[in-house]
Number of protein chains: 2
Amino acid sequence: MREGPDIARIASLVGDPARANMLNALMGGTALTASELALEAGVSLPTASSHLGKLMEGGLLTVASQGRHRYYGLAGPQVAGMIEAITGVAEAVGPKRVRPGPRDGAMRVARVCYDHLAGEQAVAMLDRLVAKNVLVRDEQEIRLGPSAASHFAAIGIDVYTKPRRPVCRACLDWSVRRSHLAGTLGAAILEKILAEKWARREKDSRAVIFSPPGRQAFERVFLS
Amino acid sequence: MREGPDIARIASLVGDPARANMLNALMGGTALTASELALEAGVSLPTASSHLGKLMEGGLLTVASQGRHRYYGLAGPQVAGMIEAITGVAEAVGPKRVRPGPRDGAMRVARVCYDHLAGEQAVAMLDRLVAKNVLVRDEQEIRLGPSAASHFAAIGIDVYTKPRRPVCRACLDWSVRRSHLAGTLGAAILEKILAEKWARREKDSRAVIFSPPGRQAFERVFLS
DNA sequence: CGCATAGTTCGTTCCTCATCGAAGCGTTCT
DNA sequence: AGAACGCTTCGATGAGGAACGAACTATGCG
């Protein structure tokens, strides 16, 4: 009955679980591809595409086509602010969850994020690689350092194998609120971790469980 | 897939047009009854009751029972802030409507708000009544002034006829962002306006159209 | 008590919209 | 060119939920 801006239209866009997950994933500021968002939301690609279309039409998203990839990002700080506000209310009225406590401890420590490792372990690893100057952090971007090629070759990872995708990318970690390493290099490292059987994936979950010796090996290689 | 506060749940509560209208109506800060909100949202009472139940369960509303009335209000400033944020986005991305222009001119000038008059005419009327000290504004409340009884009696309105409901109440006008007069007195005045045929109601709309002589009469009685 | 008003609950109907498989485009790599 | 990949469009299916009428509870009035 009332006139005025169509707040129901906007709110209902955020009101779908799949779309909410996508928006949440984009809150890190990094633009993501449709496939990544589909995984993030837990829906198929066609479904994700449909959702993205609606979010675009609603003006909540922008898109940048790069080759055959389409990078979706939040339309602006105002949209991000709105999501923050909604999150605040949801937190306030939501089930009084125990303080940052170990809701799902394993997930906080290490988990899969698309095709690479996320969680405390992943954040620590990126920190260490940057500290050792193997990787160079430059604002939003991450680049290979001078010793990167030899450093990773020693571990059995060729940083130049799949040049199609960006080799490195920063990806914001929801549990730690800091970045971890994505891109082909991040994917290769996760692949190695699983191939060496340092860790196994929890069934039907994104959690990654390290075995005690596996953890030692990982720390020796990436955190020393 | 992502953990975290259930933002979709909250957003979907706001995402229904009926509920959005209710929340919008409550943004004025005045608590309203279920019937008033049903009218505001343009739905039947049972439907409104169901919506209110959901908003309560979601923690967005509080309720205060007074006799057989139940006054619903926003749960707090955080909720109001969230609605503001959503409204901001909706305004920004919405159809670039012409500046406050006469979207529906008649509605801005005068319309029905539940059982009383709203719009520019109503706001002007309340201003004038307060200026003449017939009514006394005291913060949120409006009370009868010393000359109120005689003043309204002269027009043929008995301010003491229906003591069940508050005689006066402030109601925020969405188009002008200022208050107009609600309560039994507000209702009685609207009744008189229609009874005297100073104005007629637009079919299927809340607009109230004054005839030229009717407008003069109204201005003589209430705006002089 | 009986009647009126305010609100909720129940049950049914109906429609929107999320979902996915299959197929269709455009890009990139070999 | 052909194959692989990223993404969108189309069509069919299905479930959730918004809507209202009717019946029920609760409060107030005479």
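Chain naming here is simple, since letters A, B, ... match the order of the sequence lines and numbering starts at 1 in each.
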Lys54(A) side chain near dA18(C) phosphate (N/O to OP1/OP2, under 4.0 Å): yes
Arg70(B) vs dT8(C): side-chain N/O to OP1/OP2 distance below 4.0 Å: yes
Whole-Å distance separating the CG atom of Leu32(A) from the C1' atom of dC7(D): 15 Å
Nearest-Å distance for atom pair CG/P, residues Leu37(A) and dA18(C): 16 Å
Any pair counted as side chain to side chain donor-acceptor pair (under 3.5 Å), so long as it reaches residues 42-53 of chain B, sequence neighbours left out: Arg19(B)-His51(B), Ser44(B)-Thr47(B)
Leu135(A) side, atom CG; Ser147(A) side, atom OG - distance, nearest 0.5 Å: 8.5 Å
Any Arg68(B) side-chain nitrogen or oxygen under 4.0 Å from OP1 or OP2 of dC29(D): no
Closest approach of Ala122(B) to Leu117(B) (non-hydrogen atoms, all atoms of both residues): CB-O, 3.2 Å
Nucleotides 19-21 of chain D: which of its N/O atoms have a protein N/O under 3.5 Å away?
from    : atom 1 : to       : atom 2 : distance (Å)
dA19(D) : OP2    : His51(B) : NE2    : 2.4
dC20(D) : OP2    : Ser44(B) : N      : 3.0
dC20(D) : OP2    : Ser44(B) : OG     : 3.1
dC20(D) : OP2    : Thr47(B) : OG1    : 2.9

Atom-pair distance (CD on Glu57(A); P on dC17(C)), nearest Å: 11 Å
Residues which pass side chain to side chain donor-acceptor pair (under 3.5 Å) with Thr62(A), listed by chain and number, not counting sequence neighbours: none
Shortest non-hydrogen contact from Ala110(B) toward Gln121(B): CB-CG, 4.2 Å
Five-pair end axes of the helix from dC1(C)-dG30(D) to dT30(C)-dA1(D), angle between them (10°): 30°
Leu181(A) to Leu126(A) - nearest heavy-atom pair and separation: N-CD2, 4.0 Å
N/O (side chain, Tyr72(B)) to phosphate O (OP1/OP2, dA6(C)) under 4.0 Å: no
Those residues that, when tested against Ser65(A), pass side chain to side chain donor-acceptor pair (under 3.5 Å) (two or more places apart): Arg70(A)
Partners meeting salt bridge (Lys or Arg N to Asp or Glu O under 4.0 Å) with Glu196(B) (sequence neighbours left out): Lys192(B)
Whole angstrom value for the distance that separates C1' of dG6(D) from CD of Glu36(A): 12 Å
